[in-house]
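Notes to accompany the following structure.
It should be emphasised that the depicted structure is a prediction, and the values quoted were computed from it without experimental measurement. Throughout, a chain's letter reflects where its sequence line sits, starting with A, and its residues are numbered from 1. We use all heavy atoms of the structure for the numbers below, so side chains are in, but hydrogens, waters and symmetry mates are not.
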Amino acid sequence: MKEFVAKPLRNALTGLVQAGKIKALPERLDFDRPKQAEHGHLASNVALILAKAEGRKPRDLAAEIVAALPASEWIARSEIAGPGFINFFLQPAAFHAAIRNARHHRDQFGAGRMGGGEKVQLEFVSANPTGPLHVGHGRGAAYGASLANLLRFTGFDVQCEYYVNDAGRQMDILAASVYLRYLEELGVALPCAFPENAYRGDYVRAIAAHLRSREGDRLQRPAGALAGPAGEADPEAAMDALIARIKTALGPDYGILHSAGLDEILADIRDDLSAFGVHYDRWYSERSLMDKGAVAAAVERLKADGHCYLQDGALWFRATAFGDDKDRVLLRDNGAYTYFASDVAYHAEKFARGFARVIDMWGADHHGYITRVRAALRALGLDDNRLEVLLVQFAILYRGQEKISMSTRAGEFVTLRALREEVGNDAARFFYVLRRADQHLDFDLELAKRHSEENPVYYIQYAHARVYSLLRQADERSLSRPPAEVDLNLLQEERELGLADLLWRFPESVTQAAGDREPHQIAFYLRELAAAFHTYYNATRILVEEDPLRHARLALCTAVAITIANGLRLLGVSAPEQM
RNA sequence: GCGCCCGUAGCUCAACCGGAUAGAGCAACGGCCUUCUAAGCCGUAGGUUGCAGGUUCGAUUCCUGCCGGGCGCGCCA
């Protein structure tokens with residue numbers, strides 16, 4: 001809709017420039033949607049912006065611009081107001097066009113071309129496969145999936161990826177945890193007490209039980225091979241020692257143990273996300289990165305380019321040369337690469353795959369990590385402006401007043417699956433994106449449960465269902481539905497035009513939300529649209545006897561339904577035709 | 001201590017890369033169902049945008065300082 005005004009305004013400004021009345025065009029034209037009806041449907045502050053550079057009074061400039069505006073079938077009138085705003089009042093036809101547009105484009109209404117087919121990679125969740133996803137991950141999942149939908153809808157070529165941290169110490173700890181539970185399954189005495197810092201969740205027992213049913217007691221080893229020296233004070237060191245003993249004792253069979261936990265948990269995560277409507281194009285294994293030597297290669301390259309040095313037996317990356325506040329270890333003195341090293345390799349790999357833009361979604365506690373990754377990218381000669389890092393705050397979980405501490409190892413957490421079963425996918429998806437991702441989210445389970453029947457998501461879905469109810473009613477009473485072409489000029493009421501105007505705001509909101517990477521804007525928009533529809537519905541009889549008026553009103557209603565359905569689809573929420 | 005994020009109605013949050021009289025939802029209060037779904041609508045009330053300065057036609061938005069909160073500052077991931 002903004003084009004209806006932007007075009008004549010650009011013409012006017014160009015004309016003034018050619019006539020030498022103003023020096024230059026503004027960098028960009030944007031319009032406000034005034035809150036006050038007296039300020040018109042769209043307002044431009046172009047005269048205020050230009051006034052300074054032109055050395056003119058804003059109101060004088062505005063008058064000149066208005067005088068230069070060509071006639072337009074969409075614009076009813078334009079006024080100069082306040083300090084120098086130009087307020088545009090549009091013809092009803094400008095709003096009717098939204099209805100026509102929505103009905104014509106159907107599920108593509110609101111789609112844009114901003115992305116221009118640009119290849120974007122979006123990585124999100126990427127939780128360590130050491131246990132089921134919890135409600136914190138759910139937020140990242142809902143946010144990432146919605147953002148992916150938004151970017152695709154605005155013309156980006158999006159690939160969603162999950163980075164599987166299947167290498168490293170955490171996986172070994174999981175393997176050790178599974179092994180101890182496995183021994184318990186066999187009824188064998190443990191070589192040590194089950195460690196506090198092992199994974200203690202029940203799912204570990206389940207994995208161990210499955211392992212036993214597959215392998216029997218084949219993985220059992222003599223107690224003497226597993227028991228270590230008692231009295232190790234540091235629990236982390238004790239854990240490392242335990243892992244080492246298990247690896248030695250099991251030899252080649254360690255791989256079976258390792259993948260027993262990984263495979264089962266990863267399958268669970270995939271299944272969970274899929275059921276949540278979150279789909280990935282690729283699951284990228286950290287181990288595969290290691291195995292093909294990509295990590296070593298990335299480190300070698302940093303070394304070759306002189307960005308590294310040896311100190312205390314470790315290999316350091318000179319991150320301070322690229323804006324970080326300290327240097328970072330790539331290769332530890334024990335010969336193992338750091339998480340950072342594989343992440344450098346992973347990001348280099350992403351760009352090598354040809355993505356114009358790479359978007360990472362990380363937990364907000366990783367924000368200190370951004371600088372060093374950017375530093376490494378620059379050191380590798382890559383443009384770190386192509387990397388975008390979005391931070392997602394963890395959801396703080398409450399049960400009533402009581403804050404629930406979440407620890408994966410202790411097995412004390414509410415899983416995403418449990419949440420979905422409790423409040424439903426629709427409510428969960430909607431709740432998660434109802435606020436900005438970089439804000440803390442207080443998730444009260446009691447409240448979520450209580451809201452399950454009076455949830456804001458139902459408010460929006462109900463508006464959608466009401467439209468279909470109208471259509472069903474029309475059929476029952478043998479009142480014809482609107483044909484493809486209806487006389488929208490019959491819609492002249494303020495509410496009807498206002499509702500149609502709101503439809504125009506859908507494509508605008510989509511563009512804005514995608515550009516800002518803020519899906520919550522869609523949720524807010526939908527609530528507003530639903531409210532306007534409910535108001536209209538209550539105030540106006542839709543199913544009137546006269547065919548032309550009924551057709552026009554039903555056309556408006558179906559346009560609303562199309563818009564709601566499209567918006568909900570972007571958020572991964574269903575749009576039921578009946579409730 | 002240093003760095004990043006945040007302080008907006010009783011609560012949870014918006015506010016369109018500086019715009020006109022700062023908006024919703026929930027909670028509170030008062031109304032609306034023999035006519036298309038009351039999972040709804042209408043109305044009332046609620047604010048010195050943490051504080052103090054600065055930039056300018058104009059600041060919740062940008063800058064500085066202070067107060068308060070969160071996170072980070074490992075050869076962990």
When you compare [N] with [M], how far apart are their [atom1] atoms, in angstrom units rounded to a whole number?
{"N": "B:U21", "M": "B:C73", "atom1": "P", "answer": "46 Å"}
{"N": "B:C2", "M": "B:C66", "atom1": "P", "answer": "9 Å"}
{"N": "B:C75", "M": "B:G18", "atom1": "C1'", "answer": "48 Å"}
{"N": "B:C51", "M": "B:A14", "atom1": "C1'", "answer": "24 Å"}
{"N": "B:G23", "M": "B:G47", "atom1": "P", "answer": "13 Å"}
{"N": "B:A52", "M": "B:A59", "atom1": "C1'", "answer": "15 Å"}
{"N": "B:G40", "M": "B:C33", "atom1": "C1'", "answer": "10 Å"}
{"N": "B:A22", "M": "B:U48", "atom1": "C1'", "answer": "13 Å"}

Just the rounded figure in Å: distance from [atom2] of [N] to [atom1] of [X].
{"X": "A:Y459", "N": "B:G25", "atom1": "OH", "atom2": "P", "answer": "7 Å"}
{"X": "A:Y369", "N": "B:C73", "atom1": "OH", "atom2": "C1'", "answer": "14 Å"}
{"X": "A:F524", "N": "B:C16", "atom1": "CZ", "atom2": "P", "answer": "12 Å"}
{"X": "A:N197", "N": "B:C76", "atom1": "CG", "atom2": "C1'", "answer": "12 Å"}
{"X": "A:N538", "N": "B:G31", "atom1": "CG", "atom2": "P", "answer": "18 Å"}
{"X": "A:R466", "N": "B:A39", "atom1": "CZ", "atom2": "C1'", "answer": "9 Å"}
{"X": "A:I370", "N": "B:C5", "atom1": "CD1", "atom2": "C1'", "answer": "10 Å"}
{"X": "A:F88", "N": "B:A20", "atom1": "CZ", "atom2": "P", "answer": "18 Å"}

Short side-chain to backbone donor-acceptor contact, A:H41 and A:L90, under 3.5 Å
yes
Validate the cation-pi geometry between A:R466 and A:Y537: distance from NZ or CZ to the six-membered ring centre under 6.0 Å, angle to the ring axis within 45°.
yes
Is the NZ or CZ atom of A:R328 both under 6.0 Å from the centre of the six-membered ring of A:F340 and within 45° of that ring's axis?
no
Which residues share a salt bridge (charged side-chain N to carboxylate O under 4.0 Å, His left out) with A:E286, sequence neighbours left out:
none
Base, sugar-phosphate or nothing for [X]? Non-hydrogen atoms, less than 4.0 Å.
{"X": "A:D333", "value": "base"}
{"X": "A:Q473", "value": "sugar-phosphate"}
{"X": "A:T540", "value": "base"}
{"X": "A:L391", "value": "nothing"}
{"X": "A:D325", "value": "nothing"}
{"X": "A:A43", "value": "base"}
{"X": "A:R541", "value": "base"}
{"X": "A:S469", "value": "base"}
{"X": "A:R505", "value": "nothing"}
{"X": "A:Y339", "value": "base"}

Inter- and intrachain pairs under salt bridge (charged side-chain N to carboxylate O under 4.0 Å, His left out), touching residues 53-63 of chain A, at least two apart:
A:R56-A:E64
Distance criterion of 3.5 Å, no angle test: do you see the side chain of [X] paired donor-to-acceptor with the base of [N]?
{"X": "A:N87", "N": "B:A20", "result": "yes"}
{"X": "A:N45", "N": "B:G19", "result": "yes"}
{"X": "A:H366", "N": "B:G72", "result": "no"}
{"X": "A:H367", "N": "B:C71", "result": "yes"}

Ranking B:C75, B:C36, B:C16 by distance to the side chain of A:Y537, first place goes to B:C36
Please tell me which of the listed nucleotides, B:A77, B:C36, B:G74, lies nearest to the side chain of A:K326?
B:G74
Do A:D240 and A:R169 sit within salt-bridge range, that is, some charged N less than 4.0 Å from a carboxylate O?
yes
Presence of salt bridge, A:D501 and A:R33, under 4.0 angstrom:
yes
For B:C17, does the glycosidic angle fall within 90° of 0 (syn) or outside that (anti)?
anti
Is there ring stacking between A:H39 and B:A20, where the centres must be under 5.5 angstrom apart and the planes under 30 degrees?
yes
Could you check whether A:F85 and the base of B:A20 form a stacked pair, meaning centres closer than 5.5 Å and planes differing by less than 30°?
yes
Phosphate OP1/OP2 of B:C42 contacted by A:T535 side-chain N/O (<4.0 Å)
yes
On the nucleotide B:G74, are OP1 or OP2 found under 4.0 Å from the side-chain N or O atoms that A:R169 carries?
no
Report yes or no: do A:R550 and A:S480 form a side-chain donor-acceptor pair below 3.5 Å?
yes
Given that A:A364 and A:A314 both sit by RNA chain B, which one's nearest nucleotide is further toward the 5' end?
A:A364
Judged by each residue's nearest nucleotide on RNA chain B, which is more toward the 5′ side, A:D327 or A:Q578?
A:Q578
